[in-house]
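Everything below concerns the one structure shown next.
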Amino acid sequence: MEGLLVMAALGFWSAVLAQRGIAVFHDGLRPAVGEFVQGRLSRAELAQKSLTLNQMIAVWFIPFILSTGIILTHPLLLPLDLIGVRARSWWLAGLIGAVWGALLLALLTVIRGLLMSLPVNIPELLALSLTPLLYAVIVIPPVAIAYQFGLGPGAVGVIAVLLGYLIGLNTPALNPNVIATLVGLIALVFFTIRAELKRRAAAGDEVIEAYETQATRIQANLPWLAIQAALLALATHLALFGWFGMDMNAAARGFPAQAALIALTISIGFLPTVVTSELLTGVSQMVGLTLVFTVAYLAPHPLIAALAGAAVMALEILFLERIGLFLDAAPTVREVGDSVRGALERVSTVALIGGALIACDRMLPGGMGYLLVVSVIAINEITGARIIRMAEGPAAVFIAGIIANLLYWIGYAV
Amino acid sequence: MSDKLVLIASGIAKGQIAQTVQRAGKGLVEVQSMSDIQGAQAVKQGKADYFIGSCTTGQGGALSMAIAVLGADQCVMLNNRGRPLPASEIQAKAAGTYRAFGVALDHVEQAIPALVDALLEKHGLKP
């Protein structure tokens, strides 16, 4: 019941923020909302524009959600963007938003319960298929180093992470993944600073052309956004809500410190582009500069999570312009952000396909599991990747799970 | 018009884009990897001809900076609702006045060769 209330409150507030043009979640929608609040776009034109955006990505988060029962940002917030930009009044948006938030959680609980009662328990298998990802996320920073700076630095990063993991094994007070993840992040920061210093020595202070910022509009909306952050942090801390499959995967298994570090890693990927997008449009990202998730996972108590979330959002807004100036002066950091997101995608894809093979062999032993997973993935790839690659593994588990239940039903023993 | 097109590869698939452009460009295209804001400004200042941005969907991070710097009328996505555009439509987009293209990570291998080919043809560089 508490959960439904928290999700309804988060849905309500998110939809109101979208309706008033204070914040949207989809990064591709933000420029259009910026034009809308400046009066250059009507609400009807804005609604029209929002239709061309790809919503399918939200659908591909479903397997993650079913495995843990935790709702992720995309399925909650992408539909609320669409509702918010269409609704003519804030209360109507809020009402639909509240219903959507609560409905999503209620539906999830019911469907998950149903799937778990089947002869072959699909959520359990999905969770099993996410196990390799729990460890694979540790190498996101070294893979990002390899993407940005090449094979040599990448190898150094992987070795550093391995050493960190070995040290972690001998530090029983902490989850062994924590030290390894931290070492990876430190290596990423080290190589980034080194490259930026080298760039400055070579190119001098070749700064990015100044642009007119809309920071004052975001600052004026600080109280609205602080409330949003408090709700986000509360829901995340209560394990009702998570950012991506990777941080949620660790949080669901009771590793909040690791979840916090993973969220921080993902933040490095998104922060640069979100900062500039907010400054240029005056429209906030629905989850701010994304640091709220790290704080929510680390907080010792739900109320502290809410307060700390609001405080972090306030700081993000107060320092927004200064962070923007810093990023403009350090273009290497922006490029590393892109590399982190690239690494995130690649690492997840590989780990989830591996996990799918392991889970489906358990479910359909004797080779049929392997056969099904490989055929789903190979056919998807060769026909133009209708399912985004990051979701291939979970989708394959889901499809194989349904087939396994059908086989069970017709009397084939699995 | 110079004898070589200068393209910017940006976003999470910058590596794949740069490699694919190089292969499709057959020495007639120069490609540089950059952050989105640097890349968009390079196009605006005339230091580069076209910007190719990328993200998971080709719609979020891929073009948001280019839209802000160059304006929405200069930017176009090479997909619609999650499906890549067919080569003929990519050709039509390339022939237009767009200077920034957004591509989804999973569509790089399909969309980029068609785009590079059409841009070379547009500039009369096709052998």
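Throughout, protein chains are lettered first and strands after them, A, B, ... in sequence-line order, and every chain is numbered starting at 1. Since the structure is predicted, the reported quantities are computational estimates derived from the model, not experimental observations.
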How close do [X] and [Y] get, counting heavy atoms only, and between which atoms?
| X | Y | result |
| --- | --- | --- |
| Asp338(A) | Ser35(B) | OD2-CA, 4.1 Å |
| Ser64(B) | Asp27(A) | CB-O, 3.7 Å |
| Pro31(A) | Ile67(B) | CB-CG2, 3.6 Å |

Side chain, backbone, both or neither: which part of [X] has a heavy atom under 4.5 Å from chain B?
| X | value |
| --- | --- |
| Glu335(A) | both |
| Arg341(A) | both |
| Glu381(A) | neither |

Inset, instruction - Flag yes if more than 12 heavy atoms outside Gln45(B) fall under 6.0 Å of its CD atom; otherwise flag no. - result: yes
Inset, instruction - May I ask you to check whether over 12 heavy atoms, not counting those of Lys198(A), lie within 6.0 Å of atom NZ? - result: no
What distance separates [X] [atom1] from [Y] [atom2], expressed to the nearest 0.5 Å?
| X | Y | atom1 | atom2 | answer |
| --- | --- | --- | --- | --- |
| Leu105(B) | Arg389(A) | CG | CZ | 7.5 Å |
| Ile37(B) | Leu280(A) | CD1 | CG | 6.0 Å |
| Cys55(B) | Glu345(A) | SG | CD | 11.0 Å |
| Gln16(B) | Arg346(A) | CD | CZ | 5.0 Å |
| Asn380(A) | Asp106(B) | CG | CG | 8.0 Å |

Inset, instruction - Please determine, among Ala343(A), Ser339(A), Gly269(A), Ser277(A), the option with the most heavy-atom pairs under 4.5 Å with chain B. - result: Ser339(A)
Legend entry - Closest-packed option against chain A by number of heavy-atom pairs under 4.5 Å, given Lys14(B), Glu109(B), Met34(B), Lys44(B): Lys14(B)
